[in-house]
Amino acid sequence: MRQPAATIGETLAALRRRFAGAGLATPDLDARLLAAECFGLDRTGLMLRSAETADDDAMMRLQAMAERRLAGEPVHRILGRRFFFDHEFALSPATLEPRPDTEILVEAALPVIEAIIARRGACVFADIGTGTGAIAVSLLARCPAAVAVAIDISAEALGTACRNAEIAGVRDRFFPLLSDYLAAVGGPLDAVVSNPPYISTEIIRGLDREVREHDPLLALDGGSDGLTAYRTIAAQAPRCCSGGPVLLEIGAGQDEDVTRLFEEQGLYLAASADDLGGVTRVLHFEASDGLRQA
């Protein structure tokens with residue numbers, strides 16, 4: 001006798017159990033996100049329609065996605081997009097997934113850019129290593145008088161970023177630039193923001209497979225000590241952005257080393273911001289000695 005078709009609720013519950021049994025860190029969330037995608041429902045819809053019979057085509061798509069998740073592919077890579085700040089951003093193999101820690105950088109940069117606009121009527125800033133464009137797009141969407149020079153060494157990443165800027169409605173103020181850090185920037189900038197690669201080469205080998213196997217190495221590898229990108233930005237920023245500000249995301253425990261690199265170039269720590277765990281995550285540099293923190 002043919003077994004009755006599973007309901008949406010039964011399918012979701014079975015997927016949660018399967019993910020939990022495989023030891024995934026967030027089995028409930030992973031199962032819900034994939035089920036919502038395949039059944040075309042939001043969280044509320046999954047609950048309200050849990051007694052409905054699951055569609056065969058949706059079930060096949062969900063099974064395929066589940067296999068990918070169990071093989072170690074991150075959920076948002078499977079979905080092809082991730083929400084960040086105010087928008088959803090498409091991903092590609094050449095881009096990092098934008099993560100919540102980086103929202104701290106956006107929150108720190110917003111008042112800085114708004115202050116520049118209040119003084120000058122506009123702000124031209126560079127986003128070094130733009131990837132999906134998450135930082136630049138988020139800032140442009142909140143600051144209509146701002147213009148972003150979105151820099152990346154990957155043409156594929158810039159293509160992804162441009163599509164995200166188009167979807168967010170800021171493409172006319174989003175200017176992609178294929179460049180190794182600020183090397184190709186000719187004109188003066190009002191500010192610089194960046195979430196550069198800051199993981200030391202040796203540590204990358206021990207990262208979770210979801211990061212190690214699916215995030216682009218170029219966006220992770222900060223060299224033997226994790227500071228290669230900061231040395232380059234510190235050396236280049238005074239030429240392009242003589243008065244600062246320069247706002248950077250950093251790795252845990254890198255604040256003193258990064259501060260020293262920028263002080264050597266005449267840029268001093270004006271402010272910092274911690275993540276929810278109390279770890280210093282963002283540093284803000286200016287060109288005035290008077291802004292040096294104790």
Intermediate values then yes/no, side-chain contact (heavy atoms from CB on, under 4.5 Å), Phe83 and Glu88:
CA-CA 4 Å; Phe83 193 85; Glu88 201 166 52; 4.3 Å; yes
Report yes or no: do Ile78 and Leu29 belong to one cluster of Ile/Leu/Val/Met/Phe/Trp/Tyr joined by side chain heavy-atom distances under 4.5 Å?
yes
To the nearest 0.5 Å, what is the distance between CG on Leu139 and CD1 on Ile113?
4.5 Å
With sequence neighbours excluded, residues passing salt bridge (Lys or Arg N to Asp or Glu O under 4.0 Å) with Glu73:
Arg68
Are Leu15 and Leu41 joined in one hydrophobic group, where the rule is that I, L, V, M, F, W and Y side chains link up if heavy atoms are under 4.5 Å apart?
yes
CZ (Phe174) and CG (Asn164) are apart, to the nearest 0.5 Å, by 8.0 Å
Is the number of heavy atoms from other residues, nucleotides or ligands under 6.0 Å of Leu218 CG greater than 12?
no
Closest approach of Glu97 and Pro74, non-hydrogen atoms and distance?
OE2-CB, 3.4 Å
Hydrophobic cluster identity match, Ile199 and Leu261, side-chain contacts under 4.5 Å:
yes
Which residues pass the salt bridge (Lys or Arg N to Asp or Glu O under 4.0 Å) test with Arg260, sequence neighbours left out?
Asp257, Glu264
Is there a side-chain contact between Ile233 and Ser194 in this structure, where contact means two heavy atoms from C-beta onward sitting under 4.5 Å apart?
yes
The test is side-chain contact (heavy atoms from CB on, under 4.5 Å); show your working for Phe85 and Leu110 and say whether it passes.
CA-CA 12 Å; Phe85 212 69; Leu110 270 172; 3.9 Å; yes
Please determine whether side-chain contact (heavy atoms from CB on, under 4.5 Å) holds for the pair Asp255 and Leu269, giving the CA-CA distance in whole Å, both sets of side-chain angles, and the decisive distance to 0.1 Å.
CA-CA 10 Å; Asp255 47 321; Leu269 188 62; over 6 Å; no
Could you give all pairs that pass the ring pair (Phe, Tyr, Trp, His ring centres under 6.0 Å) test and reach residues 231-265, with sequence neighbours left out?
Phe262-Phe285
Using a 4.5 Å cut-off on heavy atoms from C-beta on, say whether the side chain of Gln236 contacts that of Val185.
no
If we only count heavy atoms from C-beta on, is the Asp180 to Thr232 side-chain gap below 4.5 Å?
no
Say whether Asp274 and Thr280, considering side chains only, have a donor N or O and an acceptor N or O under 3.5 Å apart.
yes
side-chain contact (heavy atoms from CB on, under 4.5 Å) filter on Asp275, not counting sequence neighbours, yields Asp101, Ile104, Val279, Arg281
Does any non-hydrogen side-chain atom of Pro245 lie less than 4.5 Å from one of Ile116?
yes
Grab the two heavy atoms, one from His87 and one from Ala141, that are nearest each other, plus how far apart they are.
CE1-CB, 3.4 Å
Pairwise distance CG(Asn195) to CG(Leu247) - rounded to 0.5 angstrom
12.5 Å
Between Asp190 and Arg119, is there a side-chain N and carboxylate O pair less than 4.0 Å apart?
no
Should Val258 and Leu220 be regarded as members of a common hydrophobic cluster, given that ILVMFWY residues are connected when their side-chain heavy atoms come within less than 4.5 Å of each other, either directly or indirectly?
yes
Here's a test for you: under side chain to side chain contact (heavy atoms under 4.5 Å, CB included), which of Ile151, Leu158, Val149, Ile135 qualifies with Thr130?
Leu158
Rounded to the nearest 0.5 Å, what's the gap from OH on Tyr181 to OG1 on Thr228? Could you check?
7.0 Å
Test side-chain contact (heavy atoms from CB on, under 4.5 Å) on Leu62 and Phe39; report intermediate values, then the result.
CA-CA 8 Å; Leu62 184 58; Phe39 293 123; 4.1 Å; yes
Salt bridge (Lys or Arg N to Asp or Glu O under 4.0 Å) partners for Arg61, two or more places apart:
none
Atom pair SG (Cys143) and CD1 (Ile117), whose distance is rounded to the nearest 0.5 Å
4.5 Å
Checking His284 now: which residues fulfil side-chain hydrogen bond (donor to acceptor under 3.5 Å, both in side chains) with it, not counting sequence neighbours?
Glu286
Should the pair Arg142-Asp86 be classified as a salt bridge under the 4.0 Å nitrogen-to-oxygen rule?
yes
Output yes when Glu37 and Arg81 qualify as a salt bridge under the 4.0 Å nitrogen-oxygen rule, no when they do not.
yes
Is it possible for you to say whether Leu140 and Leu189 belong to one hydrophobic cluster, with membership spreading through side-chain heavy-atom contacts below 4.5 Å?
no
Verify, without hydrogens or angle tests, whether Ser50 (side chain) and Gly9 (backbone) share a donor-acceptor contact under 3.5 angstrom.
no
Minimum heavy-atom separation for Tyr230 and Gly251, please, with both atom names.
OH-N, 4.1 Å
May I ask you to check whether over 12 heavy atoms, not counting those of Met60, lie within 6.0 Å of atom CE?
no
What distance do Leu96 atom CG and Thr102 atom OG1 have between them, rounded to the nearest 0.5 Å?
8.0 Å
Short N-O contact, Arg49 and Glu52, less than 4.0 angstrom:
yes
Heavy-atom closest pair, residues Phe84 and Pro98:
CD1-CB, 3.6 Å
May I ask you to test the Thr160-Leu91 pair for a side-chain heavy-atom distance under 4.5 Å?
no
Taking the side chain as C-beta and beyond, is there a heavy-atom pair between Arg32 and Leu46 under 4.5 Å?
yes
Before giving the answer on salt bridge (Lys or Arg N to Asp or Glu O under 4.0 Å), spell out for Asp215 and Arg77 the whole-Å C-alpha distance, their side-chain angles and the decisive distance to 0.1 Å.
CA-CA 9 Å; Asp215 277 334; Arg77 290 285 177 193; 2.6 Å; yes
If I compare all heavy atoms of Ser138 with all of Ala134, which pair ends up nearest, and what's the gap?
OG-O, 2.6 Å
State, with a plain yes or no, whether a side-chain heavy atom of Glu249 is found less than 4.5 Å away from one of Leu283.
no
Do Val282 and Leu248 touch side chain to side chain, with heavy atoms closer than 4.5 Å?
no
Closest non-hydrogen atoms of Ala229 and Pro196, given as atom of the first, atom of the second and distance, are CB-CB, 3.6 Å
